[in-house]
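The structure appears right after this line, and notes come after that.
Throughout, protein chains are lettered first and strands after them, A, B, ... in sequence-line order, and every chain is numbered starting at 1. Keep in mind the model is a prediction, meaning the values are calculated, not measured.
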2 protein chains.
Amino acid sequence: MPRPATIDEVAKLAGVSSMTVSRVVNASPRVREETRSRVLSAMAELEYRPNAIAQGMRSSTTRTVGFLLPDLTNPLNAMIAQSVEASLAAAGFRMLVASTRFDIDKEAHYLEQFQANVVDGIIALLSDETSEVIARAIEKSRVPVVVIDRDLPVPVDAVLCEHEQVMSELVTHLVGLGHRRIGLLNGPMTIRPARRRLDAFCSTALKLGVDDPLRYSRAPPPTIEEGFRAAMELMTATPRPTALIVCSNQNMFGALRAIRDLGLRIPGDLSFVGADENMSSALLDPPLTVIDRDIGSMGEAAARLLMDRLESPHRRPGAQVTIPSQLILRSSCGPAHRTD
Amino acid sequence: MPRPATIDEVAKLAGVSSMTVSRVVNASPRVREETRSRVLSAMAELEYRPNAIAQGMRSSTTRTVGFLLPDLTNPLNAMIAQSVEASLAAAGFRMLVASTRFDIDKEAHYLEQFQANVVDGIIALLSDETSEVIARAIEKSRVPVVVIDRDLPVPVDAVLCEHEQVMSELVTHLVGLGHRRIGLLNGPMTIRPARRRLDAFCSTALKLGVDDPLRYSRAPPPTIEEGFRAAMELMTATPRPTALIVCSNQNMFGALRAIRDLGLRIPGDLSFVGADENMSSALLDPPLTVIDRDIGSMGEAAARLLMDRLESPHRRPGAQVTIPSQLILRSSCGPAHRTD
DNA sequence: TGATGCCATGTTAACGTCAACATTATTACA
DNA sequence: TGTAATAATGTTGACGTTAACATGGCATCA
C-alpha cells in the first residue's frame, strides 16, 4: 500500500507546475497537446488519483448525498434506496446511508452530523413528522433536504405519494363486495401516509353508509410482531371484520401469520388487502390484492429534486412532486359472508 | 442557510486562539475550566461544527467505509448492509453504499474511485470472483478491503459462510426421504458459495448412491425470471425431480411461481428447499424448509475485520472468519413419490 | 520593427484544522 | 523571594488542490 502520489509529484515528473497537472485533470483546453500527454503518462506512471478530500476542501463540496432511513431491511426502503443511489450515481454523486431504526434521536443526530461538510444534501425517510427537533433541524439545515412522503410544518422539498384516491377506491371496491366491517392496520399516525389513508378510509366508508368505520382501525408500529398482535386482536373481536386492509409490509407478514394461526381462510372468511407490491404478494396463496405505487420513481424524484436544488441554491425550499398509487386486484378479496 | 462558522471565528468570539478551540473540540485536558466554558458558549452561539473535510484533510482520513454490493433490493444484501451500517456507526464510521447491479465494470470503477481518499476501507459483496481486474484492484488497493463470501486469488480479509456441511446434511435428509432425483438451482459458478454447494451436493449424493446428481443441476443468474425459467425447464423434464433446492432468494420466487403455474403441489408432488430465511419463507403455504445463516453476524464480522485492520495497518491481509449455516426443517419437504 | 494580443504555463494564496513547537502564566518549594 | 517545574495558551506551517492573477513567448499586423 504505497502512499498515494500528489499532484506535485506528478508535476515534478512531468517537468511542469502543479497547475498544469490540475488543468489536465480537469480537462481544461488551455494545455498544449504535447504537454498534456507528458502529464498523462506521469499520472499513469505514479497511479495518480486526485485527492477527493483536498478537492472537497477547495470547493466545500463532497459530491455525496446522505440518505436517512429507518430500516434497510424493509424492502420498500431498500427499493427506494436503490433507486436513489442509481439516480445519484448517474449525476456523479455518492450515497451515504444512515439507518435510524425509528429512533428520533438518531435521526436528529445524523441530520446534525451531516451538516458539517459531510454531504452536499440530504434525502430523508423520517419516522416521525411531528417531532419539533426534526423540524427545527431541517429548517436550519445548511444543506438542502428532500423528504419522502412526509408533511412537515416547515418548508421543505418533498416527494409525496397519492394515498387518498386509492384508499377511497379500495373502500368502494370492498363495500361493493358487501363488506361493512372493514379492518384497517394503518401506520403510526405520526406520519402523513397513515393520516391521509385514514381520512380517505373514514370519509369514503361513511359516505357509503358504513357504520362506525373506526371500530376496526388500528395503528400498530410497523413490525411483524405488532402486525400479528393487532390482527389477532381485530380478528378475535365479535363480530369480526370481513375484510382487512394492511398498510405496511411488515405488519402484513404478521397479520398473515395471525390469520393462518386462527385458521381463517382468505378470501372465504376474510378479504385481505396488502400494501406495496413485493415479491411475495403475487406468490402467496391466494395472490394478494395490494395498494401499489412506483417505488423506483419515488427515489428518482427525490434525487432530481435535490439535484435541482443544488444547481439553484437560491431557490426557496417547498417544491413537491406527487407519485400516483394504484390498486392491483387479485383473488384475496371476495364477497362478504356473515360471520357473526 | 448561513455560512458555517469556522474555528477561527469561534476563537475570536471566545477571545482565545483557534488552537484552544481545537483543544476544546477534541476534549484535550489542557484547558482551564473557565476557558473551556467560554469556548463552549462561543461554539453554541455560532452553531459551530468542526468541518469534516478539513479534519479529513489534516488526518487523511474520512471515517467512512464504502460498501459495494450488487443490488440493495435483494433482502439478503439489504440485511447485510443494515448490519454493516449498524456496526460501523457503533465504531464512529459512516457507510457509503455503491450498488453495482452485477456489472463488473461498475465494481472496478467504484473500487478505483474509492481509492482517492473517499473512504478509509471497503467491504464488498462481489458479483464475480474470477475477474482479473477486480483481483488486481483489490491487491493494489490503498485502503483495506474485506470481501464477503468470496474466494479471491489474492490475499484479502474475508467473511466466509459455511456451505458444505449444511448442503451435505440437506442432501442426506432428502435422500432419507426417498428422493433420488434432486434438482438444484445454484448461484452462478463464478462465485464461491455456488461452487462449495455444488461440491457438497455432488459428493454427498454420490456417496449416498444417487445416480448422476448433476442431471438436474442448473446455475441461473439470481433473478426471479431466470429462476422461473430454470425451474420450468427442470420440472417439465421426464422424469422430473422429486425435490428441488433453490439457493437464491430471487430464484426461489421465480421457481415457486413456475411450480404453481405447472399445478404441482408442495410437498405432495415436489419437496422444496429455499435459501436464507426471510419474512415469507415461514408464511408461504406450506412453510418452507430453508438453508439459513446468521446474516446479521456476517455484517458485524465484516465490519470488525475492517476496523481491526484500520487499527493495525501493518497486519497483512488474509484473515478469515467463518459464519455457520443451518437447516431449518418445515413442511415443504416430504417423502418422495413416483412421478414418472 | 515595435506594439498588441493571445496562448501556454507559472506563482501565490487560501480553504479549516491540528501537530509540533514556542511562549507565557501559575504554582511549588527551597 | 527566586527559581524550577508545570500548566495554559499561542504561533507557525502543512495537508492537496485550484482560483486568481502574473509572466513570458510567439504570432500578427500596422
[X]: which residues meet the side-chain hydrogen bond (donor to acceptor under 3.5 Å, both in side chains) condition with it, sequence neighbours left out?
X	answer
B:Asn74	none
A:Arg101	none
A:Asp151	A:Arg196

Solution key, residues 15-24 of chain A side-chain donor-acceptor pairs under 3.5 Å, sequence neighbours excluded:
unit_1: A:Ser17; atom_1: OG; unit_2: A:Met19; atom_2: N; d: 3.3
unit_1: A:Ser22; atom_1: OG; unit_2: A:Asn26; atom_2: ND2; d: 3.4

Review point. Which nucleotide of DNA chain C is the first, and which the last, in the 5' to 3' direction, to come under 4.0 Å of a heavy atom belonging to chain A?
Key: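 Endpoints of the contacted stretch of DNA chain C: C:dC7 to C:dG16.
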
Point to revise | Nucleic acid footprint by protein, nucleotides 17-26 of chain D - heavy-atom cut-off 4.0 Å, B for base, S for sugar-phosphate alone | key: BBBB------

Residues in side chain to side chain contact (heavy atoms under 4.5 Å, CB included) contact with [X], at least two apart in sequence or another chain:
X	result
B:Glu33	B:Arg36
A:Pro50	A:Val25, A:Tyr48, A:Gln55
B:Glu45	B:Leu13

Review point. Got a sec? Which of residues 31-41 of chain B come in under 4.0 Å of DNA chain D, heavy atoms?
Key: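 Result for residues 31-41 of chain B: B:Val31, B:Arg32, B:Thr35, sorted by number.
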
Side-chain donor-acceptor pairs under 3.5 Å in residues 89-99 of chain A, sequence neighbours left out?
unit_1: A:Arg94; atom_1: NH1; unit_2: B:Gln113; atom_2: OE1; d: 3.1
unit_1: A:Arg94; atom_1: NH2; unit_2: A:Thr62; atom_2: O; d: 3.2
unit_1: A:Ser99; atom_1: OG; unit_2: B:Gln82; atom_2: OE1; d: 3.3
unit_1: A:Ser99; atom_1: OG; unit_2: B:Gln82; atom_2: NE2; d: 3.0

Review point. Toward the 5' end of DNA chain D, which comes first, B:Val16 or B:Met57, by nearest nucleotide?
Key: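 The answer here is B:Val16.
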
Point to revise | Pairs involving residues 107-128 of chain B, ordered by first then second residue, that meet salt bridge (Lys or Arg N to Asp or Glu O under 4.0 Å) (sequence neighbours left out) | key: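 Sorted pair list: A:Arg49-B:Glu112.
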
Practice item. May I ask you to say what B:Ser17 touches in the nucleic acid, namely base, sugar-phosphate or nothing, with a heavy-atom cut-off under 4.0 Å? Key: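 Base contact - B:Ser17 has a heavy atom under 4.0 Å of at least one base atom.
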
Exercise for review: May I ask you to decide whether A:Asp157 forms a salt bridge with A:Arg304, counting only side-chain N to carboxylate O separations under 4.0 Å?
Suggested key: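 Answer for the salt bridge query: no.
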
